[in-house]
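The structure displayed is predicted, hence computed values, not measured ones. Counting starts at 1 for both ligands and their atoms, following the listed order. These values consider heavy atoms only, across backbone and side chains, with no hydrogens, waters or symmetry-generated copies.
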Amino acid sequence: MKVVVPRETTPREKRVALVPETVGRLVKEGYTVTVQSGAGLAAGHTDDAYREAGAEVVAELRGALAAGDLLLKVQPPTEAEADLLVKGSVLISLLDPLAEPARARRLAEAGVTAIALELVPRITRAQSMDVLSSQATVAGYKAVLAAANASNRLFPMLMTAAGTVPPSKVLVLGAGVAGLQAIATAKRLGAVVQGYDIRSATKEQVESLGAKFVGLVEEEAETAGGYAKEQTEEEKERARQHLSDLVAAADVVITTAQVPGRRAPVLVTRAMVERMHPGAVIVDLAAASGGNCEVTQAGTTVDHGGVLVLGLDDAASDIAADSSRMYARNIHTLLKLLVKDGALDLDMSDEIIAASLVTQDGSVVHPRVKEAVGAA
Ligand code: NAD
């Protein structure tokens, strides 16, 4: 079976779908791997490293894919990239198919079999294939470093000849995968850390990292899938009153709250930002889905009366060597499930495959994506 890895063309995207380590493993397992020249450079891998791992490196990918071949990507394909996909070829990538159903429809019309990595279910058996978790882990870490870099204060308490410097107070909103990694990283840098969420399960997780839980646990806040539900207007108001003093007292706020398929909830209002001290920093990891802070602008830093609001939308891509390494390992484990005896074998009785397969045999087959295509 042949897998093809293009150079990502989305601006600021530094990751690559396969790193040489994974290429080596796939080649040993009998795959043929073709990599576009320069695909791994921003993630720290030269063309020679891919060649040494057993890949063929080509300048142009036009004509590289035939029916049955796999295209492995990080970002959803642009129109030019989608043109590489011939009828019967297979695409494995982040695809955002619920937000962009038209793309799924076009892939179906082109006869492409598409698997959306963000639809891999968050179940124990799928943990090693879960790119949302691996990339969120890296993003949570990066958010803290970005905050420490932008802050005009030290994170750790220092007792020096010039007196004692108190530690920074870091408040992390949303204690999912990214938030828990942000808490752990801020603790390691010596900050005093608080964690906030509405799901009751997060209290123990936050406390196990040595942070104080300041969440406002709502009854039935969690869906069967472990995600948060969208809050009612009354709950949102209660949360804002609860958060106002916590945000005002923080030196750094890191926000990571998401509700799948919805705009990110606004947890930090403009009025709350205006109560923070000049030099305080907010890092909004939900920037790409609308932001948890009213002031956030995705992809840029806003100076709001001396409070810096960083709208990080490429945090995982920024640590491209390790985020790509983890992404590639996730894909490798998924391939073990999808490919049997050198051919794609989509067993729809497997819940991971059924949940992530978007298009097959010329149709959109995923029920929720099909619904979104109809609505669009
Ligand atoms: P996410 O990115 O969807 O959201 C991040 C956090 O924001 C969540 O903890 C959520 O509760 C919180 N949040 C949402 N709305 C909020 C609000 N209004 N106020 C405060 N907090 C709010 O979450 P995630 O990191 O993708 O994790 C989601 C769930 O999936 C968790 O239960 C996690 O443990 C679980 N999970 C399971 C697996 C697995 O078993 N394979 C892997 C990863 C995550």
Part of Asp130 within contact of ligand 1 (heavy atoms, under 4.0 Å)
side chain
Specify side chain, backbone, both or neither for Gln258, according to which of its non-hydrogen atoms lie closer than 4.0 Å to ligand 1.
both
Report, in ascending order of atom number, the atoms of ligand 1 lying under 4.0 Å from any heavy atom of Ala228.
10 (C), 11 (O), 13 (N), 14 (C), 15 (N)
Less than 3.5 Å apart, any donor N or O on the side chain of Arg122 or Ser133 sitting next to an acceptor on the other?
yes
His332 vs Lys336 side-chain heavy atoms within contact, under 4.5 Å:
yes
Within ligand 1, which atoms have a heavy atom of Tyr196 less than 4.0 Å away?
19 (N), 20 (C)
Would you find more than 12 non-hydrogen atoms of other residues, nucleotides or ligands less than 6.0 Å from Lys236 atom NZ?
yes
Would you say Arg122 and ligand 1 have an N/O pair spaced under 3.5 Å apart?
yes
Answer yes or no: does atom CG of Asp303 have more than 12 heavy-atom neighbours from other residues, nucleotides or ligands under 6.0 Å?
yes
Close side-chain approach of Leu26 and Leu335, heavy atoms under 4.5 Å
yes
With a 4.0 Å heavy-atom cut-off (strictly under), which part of Ala257 contacts ligand 1: side chain, backbone, both or neither?
both
Need the ligand 1 atom indices (1-based, order shown) with element for anything under 4.0 Å from a heavy-atom of Tyr227.
3 (O), 26 (O), 28 (C)
Please indicate whether any nitrogen or oxygen in Pro265 is less than 3.5 Å from any nitrogen or oxygen in ligand 1.
no
Does the residue Asp197 have a heavy-atom contact with ligand 1, meaning some pair of atoms that are separated by less than 4.0 Å?
yes
Would you say Ser133 touches ligand 1, if touching means a heavy atom closer than 4.0 Å?
yes
Tell me, please: is Ile123 in heavy-atom contact with ligand 1, that is, under 4.0 Å?
yes
Taking 4.0 angstrom as the limit and counting only heavy atoms of Arg199, give me the atoms of ligand 1 inside it, by number and element.
8 (C), 9 (O), 10 (C), 11 (O), 31 (C), 32 (O)
What's the shortest distance from atom 5 (C) of ligand 1 to any protein heavy atom, and which residue and atom give it?
Thr256 O, 3.3 Å
Which residue owns the protein heavy atom closest to atom 25 (O) of ligand 1, what's the atom, and how far is it?
Val177 N, 2.7 Å
Applying a strict 4.0 Å limit to heavy atoms, is Ala175 in contact with ligand 1?
yes
I need the contact type for Gln231 against ligand 1. Using non-hydrogen atoms and a strict under-4.0 Å cut-off, is it side chain, backbone, both or neither?
side chain
Numbered in order shown, the ligand 1 atoms found under 4.0 Å of a heavy atom of Val259 are 15 (N)
